[in-house]
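Report on the following structure.
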Amino acid sequence: MIREILWWIFAAEAVLGALGMVLSRNPVGSLLSLVVTFFGLAAIYVLLGAFFISAIQVIVYAGAIMVLFLFVIMLLNLGHDYHADLRRGVWLVLGGLASGLIGFVLYRAVRTPSLELPSGLTSPLDELVQRQGAVGVIAAPLFRDFSVAFEVTSVLLLVAAIGAVVLAKRRV
Amino acid sequence: MIQFPATNVPLHQVQPLSNTAFLIASVIKVVVVFTGVMVVVAYLTLLERWISAWIQDRLGPNRVGPRGILQPLADGLKNLVKEEMYPAKAANIYYILAPMLTGIPALMTFAVIPFASPLPIPGVGVVNMVVADLPIGILYILALTSLGVYGIVMAGWASNNKYAFLGGLRASAQMVSYEVALGMSLIPVFMLAGNVTLTQVVWAQQTMHLWYALPLGLAFFLFVVSAFAETNRLPFDLPEAESELITGYHTEYSSMKFSLFFIGEYSNMLTASAVMATLFLGGWDIPIWQGDNMIMIAPGVVAGAEPAWWKTLLTFGAFATKTGFFILLYMWVRWTVPRFRYDQVMHLGWKVMLPTALVFIVVTGTTILVLDALGIPYGLGFGLILTVVNAVVAAIFFMVIDRDRVISGASAHDRRRRRVDARLAMPVAVEEPEPAGIRD
């Protein structure tokens, strides 16, 4: 009961934040709406029992990335010339097509009677969290079953970071 | 490796809280903790002024009430009734939102900190003495801290003032940099405690019979320094450096909005002190005595010692003492150490703190793995071996960053002085004499 009420509140918050992000004319306003959306999503993750994801959601997205976004936007001092970025014609059609596809997938997902448990998850999340701790639930499969994928991803990120530094150095 | 819950401790079946009782207890806890934090924050401002007066040999606030004890009330009243100033070209919504965004996350963080042992209430059940015992514990605090930056950056941007803007930018750069070191210095704690829930970190320290400040001393030091930077306290108060930026990001704020920034700063300080006490000084654990080693592992099940109301009171006293110690440390440092230069702050954060924290993670992780492989059980012996390892690493670290200033003492300084003097004595070699005593 109380979970449902909270769900509606945070779902509304997330949707309103997303709308604000798209519709806001001020770049800073857009970013802050995006933080609101991420915060609402984090709250919904908590309601689902996925505490770790919710914390990481806020720390990674709302924290680090957004601060960097603020840096860029405030230092660039974007004016009001965004009208030039809005394109008509083909872009409108393509955008509509993409939204339609996403809507269709979402519709199918909502209509599916019950979702299967993800691989490696044998019992409901609440019990696992009780037994292994919120971080253990993520850490055990990540560092045991999928450790190769994890390491490959981290190497990829490292390459990207080094590449960015090298490219930035060349300009100076 | 730690086993949770430990297998060899007695379990006590106690009366679980009914749903209604849980709701009422939670509401009472929220109200009491929130009010308590607000009152403590108000009196921290007075304490800060008393301590600064004591350090600078002044009298300090002494007019409102006996010994100035009612000064926070007078300040609060003044801030409430003072005229509010709006800069003509400020971005209005963001200008008003910014102090809220600073104040609210700062007040919310205290929710996950356990401040006493579980309290049994006859006829009702056992109440856990933490507002919300979240499974993510410390990650919640990190998440809210990273939200707290927004208030400051937004205040700087929305004020439409160059000094305020520079303050906001400094705040964002500094807090992003030190958040990394802060998180990295926490990882050894999690590896040792096996969990991020704060109640279980306290329990892990109780079952080790050793506070983590000893086996993880270097992490403790790094955490304290990063926490100073995260709370924007001197020597890291560059966002509001008075001598350069007027008062930085809150230059354009007056009355209660300005006050809200202050409430945010002091409640951040309070929370940081409480977190340091919980993670590294055993939280509400009373040293030596074993009668308070308990944890509520499920509604109605308490492991370890039997809960009692007087134990709750005593452990709260222990928690308050440890938190108070860190608050005094904060204030003592503020009125003793001068402010860093901006490049020094960045150098320290990225080139000293972060690599050290990473090396310490590797060392601690390896030690724990080796000890596990040797079959040494989690306990006092485990902790003492880690303490020795930590002492070696910490000694190397302090020798390197000290650069002959304190540890090698005056003799090294004298040697250098003699060297410089000898060079100055030779008339040919003097082209550009290095000033004695100044070294980068």
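Order of the sequence lines fixes the chain letters, A, B, ..., with proteins taken first and strands second; residue numbering starts at 1 for each chain. Just so it is clear, the values below take in all heavy atoms, side chains as well, and ignore hydrogens, waters and symmetry mates.
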So, for A:Ala55 and B:Ala143, which heavy atoms are closest and what is the spacing to 0.1 Å? O-CB, 4.1 Å

Results of side chain to side chain donor-acceptor pair (under 3.5 Å) for B:Thr199 - residues two or more places apart only: B:Asp133

Value for CG (B:Leu101) from CG (A:Leu32), rounded to nearest 0.5 Å, stands at 7.5 Å

Interatomic spacing from CD1 in B:Ile136 to CD1 in A:Ile59 - rounded to 0.5 Å: 8.0 Å

May I have the step-by-step check of side-chain contact (heavy atoms from CB on, under 4.5 Å) for B:Tyr150 and A:Val35, ending in yes or no? CA-CA 10 Å; B:Tyr150 283 91; A:Val35 181; 3.7 Å; yes

Near [X] [atom1], under 6.0 Å, is it more than 12 heavy atoms from other residues, nucleotides or ligands?
{"X": "A:Ile2", "atom1": "CD1", "answer": "no"}
{"X": "B:Asp343", "atom1": "CG", "answer": "yes"}
{"X": "B:Phe190", "atom1": "CZ", "answer": "yes"}

Heavy-atom contact with chain A under 4.5 Å, split by part of B:Leu134: side chain

Using a cut-off of under 4.5 Å on heavy-atom pairs, state which of B:Val196, B:Leu139, B:Val180, B:Thr145 scores highest against chain A. B:Leu139

Of all the residues in residues 106-114 of chain B, which have a heavy atom that comes within less than 4.5 Å of a heavy atom in chain A? none

